[in-house]
Structures are given as C-alpha cells and as structure tokens.
J.: 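Before we start, here is the structure in question, set down as structure tokens.
All heavy atoms count here, side chains included; hydrogens, waters and symmetry mates do not. Below, chains carry the letters A, B, ... as their sequence lines are ordered, and counting in each starts from 1.
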Amino acid sequence: MPLIEFQQVHKNYPLGSTIVPALQGVSFTVQKGDFFTICGPSGSGKSTILNMIGCIDTPSQGEVVIEGVQTSSLNDRQITQLRHEKLGFIFQSFNLIPVLNVYENVEFPLLLGSGKDNPYASWSASDKQEWVSYLLDKVGLKDYAQRRPAELSGGQRQRVAIARALSTKPTIVLADEPTANLDSKTGDQIIHLMREMNQQLGTTFVFSTHDPQVLEVADHVVKIRDGLVEEDYRTAGIDSSVTDAGA
Amino acid sequence: MLLKLALRNLLQHRSKSLIVGALMAFGVTLLVTGNSIMHTLSTNMQASFTQQYSGDLFIYADSKAIELQRRQAKVKPDAEKPRPDANKAQSASSPPEDDNTSIFSGFGGGTKASLPSYGEQLPDLSQLPYISQLSPQTVGFGSIENGIGAQARTMLWGVDQAAWQDIGFSQHLQWIDGGLWQPGSAGIALNQSVADAYSKSQGQSVQVGDEIQIAVTNDAGTKIRSLSISGIFNFKTTAAPQLGFMSLIDLTTSQGLFSLNVDTSVSAELSADDQALIGETSESDLFGGGLFEDAVTNESDAASIEAELLSSLQVNRPTPNQTSQQYHFVIVQLAPGADVKSAQRQLQQWIKQQNLEWKVGDWEQAAGFTAQMASSVGWVLNGFMVLIAAVSIIIIMNTLVISVTERIVEIGTMRAMGAQKSLVRRLILLETLVLAIAAGVAGITMAAIITGILGNTGISPPNAFFALIFGGEQLYPGLSLNAVASALGMMVVAALVASLYPLAIALKVSPVTAMQS
C-alpha cells in the first residue's frame, strides 16, 4: 500500500470574484521510505501539495490518502492527532520556539497532545532524554543543547528543526524549501543530513523545492507546473515513469 | 513545560508584561487599599454603634400592621378582632415601603408606636439561645426648662439603669460630672451639649443636683415632669450626630412623658395646702371684686406662687415601681459568637411563629442616616473600582492582542506539530493568569505597605462629612483579608475576560501560517 496517495486532486482558491485553480487533477503516490521531491516554479502548486500532505489544507475535489486514511473524513481534532503522530515538519524559516533551548525545542513535540491522545505520554523521562540526546548527537548539536535559537547559526537552527521533526518518530517528514535561507554549502550539509536520517530511520521525506542539490539526492521526483504534474519519475535503480497530465 | 513556556514568554516580552502587570498591580492596590479603609470604617462604625447604643439588633413595633388592626377595629367595633397574622398578611400585600425606622426616627411617642405584648413575651424571648441581653428603651424629643424661661431641646432616651449597665453601654460614656441616677430612683443625665445650651439659656451653669422640668408634647398632649440632674456626660465616640443631642432619663419617667404608661394609673398626690386651696376657693373668691383689684402686683407674691407650684409638681413624679411594659424598642445584645444576620433571621422567624406585630432591625437600620451615608461612600468607591476594572480590561486586552499577533507563526508551528486548540488555549490562559497573579501579589504588597503606613499615622477626616463617617476621630485602617481575596479574585476574572478576544485570535491561527512564514 502506498504511504501517500493523491487521487485526482483539485484545489481552487477564491480570489475576490475569481476562482484560482491551484491544482488541476494531480495524481501520484509515494512509497514508504522515499526521499520524495516536488519541484516546480513559483506558483506551480508545490506548497499546496505539501499542505495537503501535511493535512493543513483539504482538496476541493479528489482524495488525499495517508497510510490508507482519507484525510477529508477526519475532523480537526483527528487531523491534529494525525499530524502529531505521523508527520514531522521542517520549515523554510526554521520556526524554532525562541524561548526554549535546543534540547527543549527537540523535546517539545513529545509533550504535545492531551494524555489520552499523546502516545509519548507513557515514555519515561529517561526514555525521552535518551531519544532527544540521540537525535541531537545525530544532527551534530549534542554540545549545543542548552543554547537558545538566537545563539545559533542558520544551519544549526535547521539541524535543530530536523531533530525536532524526527522526535516523534514520524512516518513522514515534510520539508518546505528547507535550504532556501541557507548558503549552498550549509544547504548541502542539511540535505545530506536528511538523506542520512531517511536511510537510517526509514522515515519518508517529502520536499518542496527548486534546489537542484535536493533533486540530485532524491529517489522520487514529481515535477509540477501550473497545477499539473509534468513529470513523475524515480531515479537510479528504480523504474521511472513519465506522467503527462495531458496525455 | 506549558508553565515554563508561559513564564519565558512573559519574560521574553518584558515591556508588554510590565505595562500590563503594572496596570493590574495599580488596580489591585487601589482596590485593596480602598476596601480595607472601608472595611475598617465599617467595622469601627459597627463597633461604635453596637457597643454604644444600638446593640446587635433592635426590636420595634410593626406600625403598619398595628394601624391596620386599629382601623379594622374602628370600622367593625363589634366584629371579631382580626388575627395579627391577617393584618401582617394584608400589610405585606400592600405596596412595599422602605422601612426606615431607626433608633433615632420612626418613634413619635404615644402608645401607637409602642411594642405590643412585650411583657407577655419577655420570658420566652429572653430564653432564646442566641440572645444574651435585652434592654427595653424609649426615645423621643423633649425640652428641659426651669419654668422661668430657660429652655433647651434634647432627645430623651429612656433607659433602665440596670439593663443599660448590664449591656455595657454605660462604659462608653465619659462623665463630666456625676453619673447615672441610683437604681430604683428617677433622674436625668444630660448630654454636655444640651447642658451647655441650657446653661446659656438660663444664664448660669447647670449643676448636678439641679432640679429641672422636662416637657414632652405628643399626640397625647403635653406632659411635664420634674427631675434632678444626676450627671453630665459625653459619648466617647460620636458615631452619629444625634448622639450629641441625646440625654438619658429613667425609664419610668420617660414612659410617663411619652404616654406609654397607660396600663398604670398615676394619680397626683396633692399636698394638704393644695387640697385646702381647691376646697375653700369659691367662685366669688375667684371672680369677685374689681377686675384689677387684688391683682398680684408684687413680684415676691408671683415667686412664692411659682415656688408652691414647683413643690407641688414634685409629688407628681411616678414612682419607679409603677413602670409599665410599654416601650418604643428593645435593644438586643447577642450571645458571644452569634452571627448577626443568622440571629436576625431566627428572631424574625420566632416573631412570625408567635404572631407578633414586631420587626427586627440590625445596627445599620438602627443607626439610620449615618450608616446609609457610609454605605453610600462604599458604593461610590466600588463604582469607581468597577470603572478602573473596565478600563484595565480594555488596555490588557489590547496588549494581549499585540502579543498574540506577534506570535502567530509560533502558534501556527505548534499547531502544525500537533498541538490541539486546547493546548493553545491553556498556554494563553496560563500566561494571563501568571501575569494576573504576579500583578495581584505586587498590588497586595503595595496595598499592605500603604495601609500599614496609614494604620500608624491615621487618616484625618478632610471635612465634616468624613468626620461624621469616621466617628469624629482619626481612622487607623488595617489590611482586610476580605479585600485582599476579593481584589485578587476580581483581577483574575478581569484578566480572563481580557484574554477572551486574544484567545479567539490565537485559536483561529492555522498551521498554514507556519508554512507561509
């Protein structure tokens, strides 16, 4: 069963008296463990697709299925719980909580949700500490645990964001242009770090980007333009198929 | 973690937290200080009234019910006498009127305003467990005269000397000269202001032991009694202006003056000379001769006639053992630890069960105008506080909206990570509550310092109105725990109300905002 499934998804946004079609019948699937990239020019619909996978937005038509669950059938509470348990987010602007230190930022998702909704509530304090310390070590920030985000560089902040996104052991990590605010060298390091996490933990990474460095390491790429899928292919070692929405 | 987050957010946005916190603290300081002063004022006033003359409660006649009964008896003299409870029900069904009866008003003398059936009910009344002492009294206006022109007005308070002492009121009198009359005898103790006015009127100082006439005019006519001045006094604390006008008189004499002794006959015992004068005097003796012959032209003749009249009046003094059971009201002192409101309710219930045409008032009603004035000051103060609270809510709300708006991306990120709306709600409320409690504690501390200083230095009444409210003395306020608790509670409620709109904004934040940042 595919991890993520887009079934003829349409999305329209009202703009005054006009309806703007952001997505026009997009269909694709993502397998578990993919390092999946959605790329295209600005306004092509990348962020809209990412929002739908992140259960932040809903399609006007069609279905988005995550691990066999149709997201349109869920209410706000259920969707929030789904995001908590199955999704991790890495934002373009890092979006760390400024008043928490590095350790606390990574730990924060483990504390969300009420007791009965939070599967990590049963973890002991030492379990949480061990897991958070492991993640910080993996992203190379073990010695920065007590620092606040304001005391870190851009690259370090994004590493914290990666560790935070992985703290709940999500099935899917969504990254919206994670290297946009980083220099190329740092961006390259970040991409390779995420690839490493993908391979070690088996977490599916979904990127929205037009960074060619990301395309180089991705093993599944969907190119999108004007709300339509232009190309959908897998890279080396995996059969690729080109899908033309017009064909 | 939420508490940690709330505290750190407050510190992070230090300037806004300080503005909001300072405003809250200022409001709490005003509220606690003001209410503490009012509480001290009220407590002092209550103690002043209850310990000096009003007691904890007072029982008086239900004039309306009695009047209805009297009218019904007039219309149908042969009809069966209506039951008191029927009158009470009828009077209750009439349009309600404010009962402003106090110890100083509502009693005009005469049997109409007397407390019915008191003597019959006294044994049962005094056995009620919450009652410690009873002091039946009369009150009314009169004048003191010397019969040759000197006069001074006074309010006369008829008291039983022993009951007055037992209830403890006598220890709040400051004696200038003399004291209360002897038990079992008649007498009058003048208030110093009344004594001064009388002295001025007669052109010489009045002394203890002087004989004066007391005249009272009411529905039953004019009654005159002659008494010896047993003492001159002041009330130690003037909690009501009327007290400066109040003289004490023995209960029996006052009942005679106020025509409350209708159940006893008080006959004048004439001296032998008076009887001889009446018996031997004929019409021709009175009206014979020329119109202006045998007229009294000699001042000494006039003075001797007046002296004879005065001496004859002395024998017209009712003896104390003729005291009737008619009084204007009865002061009730409650047993130690008894709650006043609860006792008042129980006593009203007992009165209802006994079908008595009585009413029960508390010290505030007894005090009348003065207590109402103090209560009005309290209402004005609280109105002012409500205004401050309303303005504070608006300012706090605006500040919180700015704070939430600055953190929209942070809130959106939390929601994206899986934070339910309830967590966002708890976070915002926690921040507001922490701020409210911290500001409240700061405000209470400041109020404690201010009331501590005022409690040492005292507050002088700025004008005559406040001198009356204060009781004429300096006011030494103390911190009121009730004021502290209510101010803290009010501030928490105000903060929560102020947070409603910012909370609504925060809960509407979608995770999309995080993605769009």
J.: State whether a side-chain donor-acceptor pair under 3.5 Å links D57(A) with Y13(A).
T.: yes
J.: At a 4.5 Å cut-off on heavy atoms, which part of L100(A) comes close to chain B: side chain, backbone, both, or neither?
T.: both
J.: Say whether D34(A) and T204(A), considering side chains only, have a donor N or O and an acceptor N or O under 3.5 Å apart.
T.: no
J.: So which of Q12(B), E410(B), K421(B), R415(B) has the largest heavy-atom pair count under 4.5 angstrom toward chain A?
T.: R415(B)
J.: Check the side chains of Q346(B) and S342(B) for a donor-acceptor pair under 3.5 angstrom, ignoring hydrogens and angles.
T.: yes
J.: Select one option (side chain, backbone, both, neither) describing which atoms of E104(A) are under 4.5 Å from chain B's heavy atoms.
T.: both
J.: How close do T40(B) and P477(B) get, heavy atom to heavy atom, and via which atoms?
T.: OG1-CA, 3.4 Å
